[in-house]
Amino acid sequence: MSFVVVDRALLADHATVVAPRLLNKILLRDDGRAVRIVEVEAYGGAEDGASHARGGPTARCAPMFGPPGHLYRYLIYGMHHCANVVTGPDAKGQAVLIRAGEPVARLDALRVARPRARRDVELANGPAKLCEAMSIGPALDGADLCDPSGLLRLVDDGTAPPRRPGRSTRIGITRDTARRWRWYVPGDPCVSGRSPS
DNA sequence: CTTTGGATCGTCT
DNA sequence: GACGATCCAAAGG
């Protein structure tokens with residue numbers, strides 16, 4: 001089974017449409033490290049009070065208003081990174097946060113990048129853990145995840161998204177908490193924390 | 001098992 | 001000047 005880069009057209013829809021579509025897709029690093037995406041959250045533009053893009057473009061969230069398929073990476077709590085895939089038909093300020101992944105290749109390298117993980121399940125079962133395991137930092141800001149020769153790629157190994165994904169409210173936000181914009185692979189051991197409803 | 005608090009700094013108000 | 005789209009270790013049941 002080979003990896004094929006995800007077509008940009010798949011990402012050119014509203015974040016809430018793209019998010020469940022990304023479940024079971026794979027993030028692939030140039031050194032072969034790979035994790036299967038098992039948990040995502042959609043973040044919108046001006047209509048979404050929880051989004052970094054709620055007030056329009058800023059220096060930080062500018063990538064969210066760029067073309068789909070690029071990486072929006074930001075620093076949270078002064079010490080962790082979070083990775084998003086920019087989505088949307090045009091510059092609407094939308095992105096999908098990659099919240100958790102299941103290790104699928106180069107586990108040795110993933111363990112080296114994230115030594116605090118005591119078990120392999122903990123290598124990428126959280127948005128900042130995933131970034132640490134995959135070495136996603138400022139150097140990758142704005143990277144085109146659809147570029148077949150890029151350092152970080154969004155690829156498909158032929159596994160379809162779950163027919164009936166789990167769904168809940170988003171985790172860790174303080175505004176617009178009612179939207180159920182989180183999707184995950186039901187029963188996957190790498191889904192982060194305990195699931196809200 | 002659950003709960004709590006500390007770490008740490010770029011970004012926006 | 002305040003606040004996070006988080007993680008972890010320590011402490012308590």
Side-chain angles (χ1 to χ4, degrees), chain A residues 11 14-20 22-23 27 35 37-66 68 70-88 92-103 110-142 145 152 154 165-185 189-197:
Chain A
L11 311 171
H14 194 279
T16 53
V17 175
V18 175
L22 292 184
L23 293 176
L27 274 176
V35 296
I37 296 170
V38 297
E39 180 184 352
V40 295
E41 282 178 358
Y43 285 88
E47 82 279 10
D48 181 9
S51 174
H52 290 168
R54 62 182 174 277
T58 64
R60 176 177 60 161
C61 73
M64 290 181 73
F65 291 85
H70 288 249
L71 178 72
Y72 167 47
R73 191 271 334 160
Y74 65 90
L75 180 68
I76 186 67
Y77 296 114
M79 66 193 92
H80 300 302
H81 302 285
C82 289
N84 298 249
V85 178
V86 175
T87 70
K92 287 288 196 284
Q94 301 173 5
V96 173
L97 170 69
I98 309 302
R99 278 201 61 89
E102 176 180 324
L110 289 169
R111 294 184 193 112
V112 169
R114 218 185 96 66
R116 301 195 87 143
R118 300 167 128 276
R119 302 172 295 157
D120 289 342
V121 168
E122 299 167 356
L123 283 170
N125 65 339
K129 298 177 189 175
L130 184 148
C131 283
E132 192 177 3
M134 292 290 280
S135 303
I136 298 175
L140 291 174
D141 282 354
L145 306 179
L152 180 67
L154 181 62
R167 186 177 177 186
S168 80
T169 52
R170 293 174 289 184
I171 294 177
I173 57 170
T174 58
R175 314 176 194 199
D176 242 321
T177 54
R179 296 179 196 271
R180 299 174 67 235
W181 283 8
R182 171 175 174 262
W183 289 267
Y184 55 93
V185 176
C190 296
V191 171
S192 73
R194 293 176 60 85
S195 299
S197 56

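Naming convention: chains lettered A, B, ... in sequence-line order (proteins, then strands); numbering from 1 in each chain. Since the structure is predicted, the reported quantities are computational estimates derived from the model, not experimental observations.
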For C:dA5, the Watson-Crick or wobble partner whose two distances fall under 3.5 Å: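 Paired with no nucleotide.
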Opposite nucleotide pairing with B:dT8, Watson-Crick or G-U, both atom distances under 3.5 Å: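 Base-paired to nothing in any strand shown.
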Among the nucleotides [options], which one has an atom lying closest to any side-chain atom of [X]?
X: A:Ile173; options: B:dC12, C:dA5, C:dC7; answer: C:dA5
X: A:Arg114; options: C:dC8, B:dC12, C:dA5; answer: C:dC8
X: A:Leu75; options: C:dA5, B:dC12, B:dG10; answer: B:dG10
X: A:Met79; options: B:dT8, C:dA5, C:dC7; answer: B:dT8
X: A:Ile76; options: C:dC8, B:dT11, C:dT6; answer: C:dT6

Straight-line distance of A:Leu130 CG to A:Ile136 CD1, nearest 0.5 Å: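 Nearest 0.5 Å value for the CG-CD1 distance: 5.5 Å.
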To the nearest angstrom, how far is [X] atom [atom1] from [N] atom [atom2]?
X: A:His80; N: B:dG6; atom1: NE2; atom2: P; value: 15 Å
X: A:Glu132; N: C:dT6; atom1: CD; atom2: C1'; value: 11 Å
X: A:Leu130; N: C:dT6; atom1: CG; atom2: P; value: 13 Å
X: A:Arg54; N: B:dC12; atom1: CZ; atom2: P; value: 10 Å
X: A:Tyr77; N: B:dG6; atom1: OH; atom2: C1'; value: 13 Å
X: A:Asn125; N: C:dA5; atom1: CG; atom2: P; value: 20 Å
X: A:Arg73; N: B:dT11; atom1: CZ; atom2: C1'; value: 12 Å
X: A:Asp141; N: B:dG10; atom1: CG; atom2: C1'; value: 12 Å

A:Tyr43-C:dA5 aromatic stacking (under 5.5 Å, under 30°):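 Here the ring of A:Tyr43 and the base of C:dA5 are stacked, with centres under 5.5 Å and planes under 30°.
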Side chains of A:Thr169 and A:Arg180, donor plus acceptor under 3.5 Å: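 Not at all, the side chains of A:Thr169 and A:Arg180 share no donor-acceptor pair under 3.5 Å.
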Taking OP1 and OP2 of [N], is either one under 4.0 Å from a side-chain nitrogen or oxygen of [X]?
X: A:Arg99; N: C:dT6; answer: yes
X: A:Arg116; N: C:dA9; answer: yes
X: A:His52; N: B:dT11; answer: no

Sugar-phosphate only, base, or nothing, as touched by A:Ala128 at under 4.0 Å among non-hydrogen atoms: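 If one applies the 4.0 Å heavy-atom cut-off, A:Ala128 turns out to touch the sugar-phosphate alone, with no base involved.
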Centroid-centroid under 6.0 Å between A:Tyr43 and A:His52 rings: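 Aromatic pair excluded; centres sit 6.0 Å or further apart.
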Sole residue of A:Thr177, A:Asp176, A:Asp48 in side-chain hydrogen bond (donor to acceptor under 3.5 Å, both in side chains) with A:Arg170: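 With A:Arg170 as partner, A:Thr177, A:Asp176, A:Asp48 yield a single side-chain hydrogen bond (donor to acceptor under 3.5 Å, both in side chains), made by A:Asp48.
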A:Glu122 and A:Arg119 ion-paired at < 4.0 Å: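 Salt bridge flag = yes for A:Arg119 with A:Glu122.
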